[in-house]
Amino acid sequence: MCGIVGYTGHVQAAPVLLDGLRRLEYRGYDSAGVVVQDEGALKMVKANGAVSHLAELTGGGRALEGVCGLAHTRWATHGAPTDTNAHPHLSEHGLFAVVHNGIIENFAALRAELEAEGVVFRSETDTEVVAHLLERYYDGELKSAVMRTAARLEGSYVLGVVCAREPGKLFCVKEAGPLIIGLGVGENFFASDVTALVSRTKNVIYMDDGEMAELTPERITVYDRTGRETAKSVSHVVWDIEAAEKGGYEHFMMKEIMEQPRAVRNTIEPRIRGGQVEFEGFSMTREELESFDKIVITACGSAYHAGVVGKYVIEKLCRIPVEAELASELRYSDPIIDEHTLLIAVSQSGETADTIAAMRECMERGARCLAIVNVVGSTIARLADNVIYTHAGPEIAVATTKGYTTQLAALYLFAVWAAGLLGRAGGERYDGLIASLRALPSLVQRSIDLNVHVKYLAERWHELGSLFFIGRNIDYAAAMEGSLKLKEISYIHSEAYAAGELKHDTIALIDEKRLVVALCCQSALFDKIVSNIREVKARGAKVLGVAPEGNRRIFAEADDVLFAPRGEELFSAMTEIVPLQLFAYYVAAANGCDIDKPRNLAKSVTVE
Ligand code: G6P
């Protein structure tokens with residue numbers, strides 16, 4: 001949700017800001033804007049559309065002189081994506097410019113108050129109140145104006161502030177949502193994500209809620225809510241800028257699909273020591289684990305789908321009851337959770353607002369929280385009692401691929417670890433599970449290699465009206481993710497259905513125009529899914545089967561087939577999703593969709 005960047009230093013700010021913005025576009029791409037401070041004035045350019053449009057308008061930023069400024073890429077919440085609603089927003093007399101990520105919940109009251117004082121608003125955004133408040137409270141001291149303004153705001157926000165009268169100085173404030181400070185040499189930065197900073201510095205400070213920072217080219221000062229200076233530790237980003245580049249692929253999504261074998265290996269291998277699963281910074285005794293009477297997995301979007309797979313696998317291996325709950329529902333459900341609940345929060349970004357809120361709700365009720373997160377230092381990682389990092393590297397495409405498969409890898413590791421600790425899988429079974437975990441990276445690679453015909457199938461089926469993904473058990477959980485992948489990037493309606501449930505209602509929608517994707521990788525349920533395939537075929541549907549490599553029976557049932565290599569069946573979601581990711585990609589490509597930036601979406605959803 002919205003990306004912000006700030007720069008103060010010795011080189012022209014706008015090109016640096018635009019470069020940062022390009023790397024944050026996954027957070028929102030409705031409109032973009034940049035402002036720089038120059039000789040006591042603020043120069044601003046903003047426009048509807050992508051960052052590339054803003055770059056054209058400013059000659060790549062060269063047209064805007066000045067060495068200190070802010071930039072923003074927007075995912076609209078208040079007000080349509082128009083030039084006027086684009087950020088930055090200026091105060092009435094042009095003294096302040098503000099960029100904002102989040103929502104100011106009391107903006108209507110503040111706007112009414114300011115309008116009663118005669119302030120004329122230019123935009124429909126919640127953000128504009130911030131600029132006017134800053135100007136109202138500024139008496140020559142920027143810090144106190146920022147503090148007094150922040151004290152008036154309710155909601156979730158990260159703000160970047162620049163004042164025409166304070167050369168080389170920037171402020172940023174964090175109340176919820178990611179904010180990272182970058183420490184350079186004679187230059188300093190802030191941004192919503194490290195990807196916007198790594199081309200210039202790898203030394204970063206992760207800001208906490210309630211903190212604000214003052215940046216000049218030479219100095220960074222962090223303050224707490226009361227204005228007291230706070231000492232912060234500096235972290236070092238371990239990956240290079242190449243990790244956030246397309247590396248020869250047409251889209252980030254394809255690059256990230258292809259990176260999955262390595263990403264899954266990076267999640268699994270460091271956690272297997274001496275033939276056992278071991279997590280760094282996380283351990284538990286058998287008694288502690290036995291003290292939990294249930295596990296609740298909470299997440300949003302694809303991370304929730306990974307959680308549903310996790311539920312099947314953990315229950316099967318550990319015989320502990322597991323619930324997979326959408327975070328946006330869990331947070332308001334008055335959940336039955338106490339100190340005997342182990343909460344597992346799953347999130348690629350570590351910043352998803354609903355997941356954070358659900359965690360807080362459950363942790364207040366006494367749950368111990370283990371987070372499965374990709375982004376190091378993110379809010380969820382810091383809030384949780386323990387973290388398993390997925391080590392997928394930066395994921396830029398809005399549609400997650402390696403984010404999801406590495407979440408699966410972490411959940412599988414957890415399941416095997418817990419089963420071992422509880423004595424539910426020992427001896428040969430345990431060793432077999434470890435071997436199966438270690439085989440996963442090459443099986444994911446095989447899954448890519450086996451399905452070279454997926455492009456041809458996608459091109460054949462790309463003019464689909466609406467389709468169904470069906471499966472049972474783990475196949476059903478994988479079907480949810482396969483269906484989501486297709487609809488989010490190709491805009492084709494699809495639904496995942498538990499195969500046995502189809503006959504109760506949805507079969508009414510099946511006719512000869514329908515394609516049904518049937519996931520058939522659970523051998524014990526193969527005959528059952530075959531019955532469901534026959535039911536839809538009898539009503540004219542075409543069927544695309546996803547079946548284990550070498551399964552010949554599927555050819556007699558399905559019109560076309562995608563393959564998942566054989567391995568431990570409990571882990572099959574990871575291999576069967578790969579051809580479905582590719583299928584979604586090629587359908588979207590055949591339909592000319594913007595694959596990396598699907599309409600209306602954002603990768604990191606930091607609003608409720
Ligand atoms: C957004 C993304 C999804 C993601 C979901 C949860 O909707 O587009 O790909 O699964 O948020 O994100 P998280 O970062 O918490 O995994």
Side-chain angles (χ1 to χ4, degrees), residues 300-302 304-305 308-309 312 324 326 328-329 399 404 454 456-522 525-547 553-562 564 572-573 576-577 579-593 595 598-601:
C300 301
S302 297
Y304 166 72
H305 295 158
V308 180
V309 175
Y312 284 112
L326 288 164
S328 53
E329 287 295 310
Y404 169 80
V454 64
Y456 157 78
L457 294 184
E459 281 165 3
R460 180 157 152 205
W461 292 112
H462 76 104
E463 285 170 320
L464 301 161
S466 163
L467 71 161
F468 293 94
F469 284 72
I470 60 170
R472 289 168 179 263
N473 202 273
I474 288 172
D475 286 342
Y476 171 45
M480 289 177 170
E481 178 59 9
S483 167
L484 176 73
K485 276 301 83 88
L486 183 76
K487 67 184 148 196
E488 70 178 333
I489 59 168
S490 73
Y491 319 141
I492 293 171
H493 172 253
S494 78
E495 246 183 277
Y497 240 78
E501 193 62 15
L502 206 63
K503 58 185 167 296
H504 293 295
D505 40 52
T506 311
I507 203 152
L509 299 176
I510 299 292
D511 60 23
E512 55 288 339
K513 292 195 289 296
R514 238 28 84 205
L515 176 70
V516 174
V517 181
L519 286 78
C520 314
C521 294
Q522 306 304 303
L525 299 171
F526 186 75
D527 290 335
K528 303 288 167 201
I529 189 96
V530 163
S531 307
N532 302 125
I533 290 176
R534 289 183 184 164
E535 284 160 12
V536 295
K537 287 209 73 162
R539 284 150 183 93
K542 296 281 180 290
V543 171
L544 173 58
V546 182
R553 283 184 57 198
I554 191 70
F555 291 107
E557 307 294 341
D559 297 278
D560 284 315
V561 182
L562 294 169
S572 58
E576 64 190 318
I577 198 60
L580 297 179
Q581 295 168 340
L582 291 164
F583 183 69
Y585 176 91
Y586 285 118
V587 168
N591 289 342
C593 299
I595 293 181
R599 70 182 177 211
N600 304 339
L601 294 178

Quick one: does any side-chain atom of S494 pair with a main-chain N or O of S466 as donor and acceptor, under 3.5 Å?
no
The reported gap from OG in S531 to CG in L525 (rounded to nearest 0.5 angstrom) is 11.0 Å
Which of N591, L457, I492 passes side-chain contact (heavy atoms from CB on, under 4.5 Å) with H462? Answer is N591
G545 and A558: which non-hydrogen atoms are nearest, and at how many Å?
N-CB, 3.7 Å
Stepwise side chain to side chain donor-acceptor pair (under 3.5 Å) check, D505 with Y497
CA-CA 11 Å; D505 40 52; Y497 240 78; 2.8 Å; yes
With rounding to the nearest 0.5 Å, note down the distance linking CG in L484 to CD in E495.
12.5 Å
Between the side chain of S490 and the main-chain N/O of L486, is any donor-acceptor distance below 3.5 Å?
yes
Electrostatic pair K485-E481, nearest N-O below 4.0 angstrom:
yes
Candidates I533, L562, D560 - the one meeting side-chain contact (heavy atoms from CB on, under 4.5 Å) with I554:
I533
Which heavy atom of L580 sits nearest to which heavy atom of F469, and what is that distance?
CD2-CE2, 4.1 Å
Are there over 12 heavy-atom neighbours, none belonging to Y491, within less than 6.0 Å of that residue's OH?
yes
Less than 4.5 Å apart, side chain to side chain, heavy atoms only: is that true for W461 and V587?
no
Does one side chain, of Y312 or D475, offer a donor that lies under 3.5 Å from an acceptor on the other?
no
No-hydrogen, no-angle side-chain donor-acceptor test under 3.5 Å, S572 and Q522:
yes
What distance separates H504 NE2 from E501 CD, expressed to the nearest 0.5 Å?
5.0 Å
Considering only heavy atoms from C-beta outward, does the side chain of P598 approach that of I489 to under 4.5 Å?
yes
Among V517, L467, D559, find the one that has a side-chain contact (heavy atoms from CB on, under 4.5 Å) with K542.
D559
Lys/Arg N to Asp/Glu carboxylate O, K503 vs E535, below 4.0 Å
no
Counting C-beta onward and ignoring hydrogens, is there a side-chain heavy-atom pair between V543 and V536 closer than 4.5 Å?
yes
List the steps and the verdict of side chain to side chain contact (heavy atoms under 4.5 Å, CB included) for D527 and R553.
CA-CA 10 Å; D527 290 335; R553 283 184 57 198; 3.0 Å; yes
Do L515 and F468 come within less than 4.5 Å of each other through their side chains, counting heavy atoms only?
no
Hey, are the side chains of I470 and I529 touching, using non-hydrogen atoms and a 4.5 Å cut-off?
yes
Would you say that more than 12 heavy atoms from the other residues, nucleotides or ligands in this model lie under 6.0 Å from the NZ of K528, or not?
no
Work out which heavy atom in G500 is nearest to a heavy atom in N532; give both atom names and the distance.
N-OD1, 4.2 Å
Which atom of I595 lies closest to which atom of A588, heavy atoms considered:
CG1-CB, 4.0 Å
Which atoms form the tightest heavy-atom contact between C521 and A564, and what is the distance?
SG-CB, 4.1 Å
Closest heavy-atom pair and its distance - V516, A541:
CG2-CB, 4.1 Å
